[in-house]
Amino acid sequence: MNQEQQKPVPEDHTSVSNDEESGARGLQRDLQDRLQPEHDELVSDSAPHPEAPAGSARMVRRLLKVGIGLAIVTVFGWLPLRAVLQTSSVEAVVNARIVTLRSPIDGTVSAKPQKSTQLSVVREGDAILHVVNARGDRARLDDLRRQMSRLENERPSLAAKLAAAETAQQDLARQASQFRDGRILQLEARIAEIEAAAARREEAVAAVERASSLIKSGSVSTVEMARLTREQAIAQQTEIGARRRLDAAKVELTAARNGTYLGDSYNDRPSSVQREEEMRQRVSDLRADLAHADAEIDWLTHEIAAEQLHYVNRAEADIKAPVGGRIWEMMTSPGEDVRAGQPLLKLLDCSGAVVTANVTESVYNGLKLGEQASFEPNDGSAALQGEIVNLTGASGAPANLAINPDALNKEPYRVTVSMPALDTTGKDCAVGRTGRVVFNADAAKS
């Protein structure tokens, strides 16, 4: 049974407004009873006013809405207010310098196979392109090789001539030695002969003395005595001449033993000795020529190796990455003919990333080099600390940067901030990420 039906109907109606109000409340209570019958049965009879729970719920919802509104107003109002109060940039972008790699030689370009699957990411020292010059100048290398071939062909001939000359010189030396030994023996025999002539003189003197003792007894005639006396005189003269020849023979013997030969009908050296000396000189010349050939062959070997390396450097070259980073722009393609000095590609140097920002005139005039600054990325990641490294104003950043500072055109005054904490190597190179630079002059002064 409905609770409203159990209540008696009031008899007095003072006004039409009270009837309408009570009728509206009755309809509201009847609707609540129909929608929530079980809840109404559980309500305690001690509740003095049935409309009190609905009023408190409405109050809670109103307070909740007011709180949410205040929070929204606080958050979205504080962020612009904080941006106004902070000294910050209008725009900021992560930037990096560009390294332009040029061809060192003329030739045809070919691509090197990459170790990494990400073709745009390179490490320091990686070969990116290969240039081959099939028409490289190798005239000097060919000339050096021809000289080497000529010397290598001449060396066996020089060695053979040297061996033959040494053999002939040995034969002539043996002949000269035999001649010297024979000449010494000859002089020694002549000296012995001269000494024998002295013995004959002594024999003649003895015969004269015997004849003088016998001539008194009449055993020897006067004629015999005269003959013996004459022979004695001849022996004496012969001995005098022999002694002179003996002195000359001793002089010749001494000279022969020293390698010099004296005589009236020949020179101081015989022809065998002279030929041996000539052959010895020829052997010395051939040895010098052979040593010169060996030295020139060694020199040519080093020159050919150096020229070969030089030719290889002129004929082919690997284009290697001087720094780690990303290929920013490929300015050629495999199979294309290039000239020496022609740009081949541009490499993004991610190891030296900076932040370029533009600021208003009032902010720019208050900045100094070395002041601390922080970069707040727009993706919500943590802020990065750095310092101001360049103030270029309206002239633009004088650096070879990947993103031209003129692209930031909301304000004309430009600032460059170094950010060592940026991890911009390899595939994590964050060039192009946008954000905001907040300048902190107090940190710089401290």
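Any value given below was found using the heavy atoms of this structure, including those in side chains, with hydrogens, waters and symmetry copies removed.
Residues passing the side chain to side chain contact (heavy atoms under 4.5 Å, CB included) test with Glu276 are Gln169, Leu172, Ala173, Arg280, sequence neighbours excluded. The salt bridge (charged side-chain N to carboxylate O under 4.0 Å, His left out) search around Arg339 returns Asp106, not counting sequence neighbours. Legend: residues meeting side-chain hydrogen bond (donor to acceptor under 3.5 Å, both in side chains) with Ser418, ordered by chain and number and at least two apart, are absent. The salt bridge (charged side-chain N to carboxylate O under 4.0 Å, His left out) search around Glu152 returns none, not counting sequence neighbours. Leu369 meets the side chain to side chain contact (heavy atoms under 4.5 Å, CB included) test with Ile388, Leu391; sequence neighbours excluded. Listed by chain and residue number, Glu336 satisfy the side-chain hydrogen bond (donor to acceptor under 3.5 Å, both in side chains) test with Thr332 (two or more places apart in sequence, or in another chain). Applying the side chain to side chain contact (heavy atoms under 4.5 Å, CB included) rule to Asp285 yields the partners Gln281; only residues at least two apart in sequence or on another chain are considered. For Asp379, the side-chain hydrogen bond (donor to acceptor under 3.5 Å, both in side chains) partners at least two apart in sequence or on another chain are Ser381. With sequence neighbours excluded, no residue forms a side-chain hydrogen bond (donor to acceptor under 3.5 Å, both in side chains) with Arg102.
Side-chain atoms of Val94 and Thr434, non-hydrogen and from C-beta on, never get closer than 4.5 Å to each other. When side chains are defined from C-beta on, Gln385 counts as touching Ser374, because their heavy atoms get closer than 4.5 Å.
In this structure a side-chain-to-backbone donor-acceptor pair under 3.5 Å is present from Ser89 to Val437. Remark: side-chain polar atoms of Asn400 are paired, donor with acceptor, to backbone N or O of Ile98 under 3.5 angstrom. Using modelled atom types, one side-chain atom of Asn153 and one backbone atom of Ser149 make a donor-acceptor pair closer than 3.5 Å. The main-chain N or O of Glu361 is found under 3.5 Å from a side-chain atom of Asn365 such that the two form a donor-acceptor pair. The backbone N or O of Val99 sits nowhere less than 3.5 Å from a side-chain atom of Asp349 that would complete a donor-acceptor pair. Formation of a donor-acceptor pair under 3.5 Å by the Asn95 side chain with backbone atoms of Ile403 is found in this model. One N or O on the side chain of Asp126 and one on the backbone of Arg123 form a donor-acceptor pair closer than 3.5 Å.
Here Leu129 contributes atom CG and Leu101 contributes atom CG; the two are 8.5 Å apart, rounded to the nearest 0.5 Å. Note that CD1 of Ile105 and CG of Asn133 are 5.5 Å apart. Values are rounded to the nearest 0.5 Å. With values rounded to the nearest 0.5 angstrom, Ile297 atom CD1 is found 9.0 Å from Glu154 atom CD.
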Check against side-chain contact (heavy atoms from CB on, under 4.5 Å), Thr108 and Val131: CA-CA 5 Å; Thr108 304; Val131 182; over 6 Å; no

Check the pair Val415 / Asn358 against side-chain contact (heavy atoms from CB on, under 4.5 Å), numbers first and verdict last. CA-CA 6 Å; Val415 181; Asn358 62 350; over 6 Å; no

Could you walk me through whether Glu307 and Arg314 pass the salt bridge (Lys or Arg N to Asp or Glu O under 4.0 Å) test, one step at a time? CA-CA 10 Å; Glu307 185 62 26; Arg314 293 194 308 265; 3.4 Å; yes

Evaluation steps, side-chain contact (heavy atoms from CB on, under 4.5 Å), between Gln308 and Arg145: CA-CA 10 Å; Gln308 178 70 27; Arg145 286 178 174 175; 2.8 Å; yes

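Contacts classified as ring-ring contact (aromatic ring centres under 6.0 Å, His included) and involving residues 358-380 (residues at least two apart or in different chains) are given here: Tyr364-Tyr413. The ring-ring contact (aromatic ring centres under 6.0 Å, His included) pairs that include a residue from residues 306-330 number zero, where partners must be two or more places apart or lie in different chains.
Side chains of Gln147 and Asp143: a donor on one and an acceptor on the other come within 3.5 Å.
Between Arg155 and Asp294 there is a salt bridge, since at least one side-chain N of the basic residue sits less than 4.0 Å from a carboxylate O of the acidic one. Checked for salt-bridge contact, Glu278 and Arg282 miss the test: no charged N lies under 4.0 Å from a carboxylate O. A salt bridge between Arg436 and Glu91 is absent, with no side-chain N of the basic residue lying under 4.0 Å from a carboxylate O of the acidic one.
Among Thr360, Val359, Asn409, the single residue meeting the side chain to side chain contact (heavy atoms under 4.5 Å, CB included) criterion with Val90 is Thr360.
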Without placing hydrogens or testing angles, list every side-chain donor-acceptor pair under 3.5 Å for residues 159-167, not counting sequence neighbours.
from   : atom 1 : to     : atom 2 : distance (Å)
Glu166 : OE2    : Arg287 : NE     : 3.1
Glu166 : OE2    : Arg287 : NH2    : 2.8
Thr167 : OG1    : Ala163 : O      : 3.0

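The minimum heavy-atom distance linking Met330 with Ile128 is given by the pair CE-CG2, 4.4 Å. Nearest approach of Glu376 to Val438, heavy atoms of both residues: OE2-CG2, 3.7 Å.
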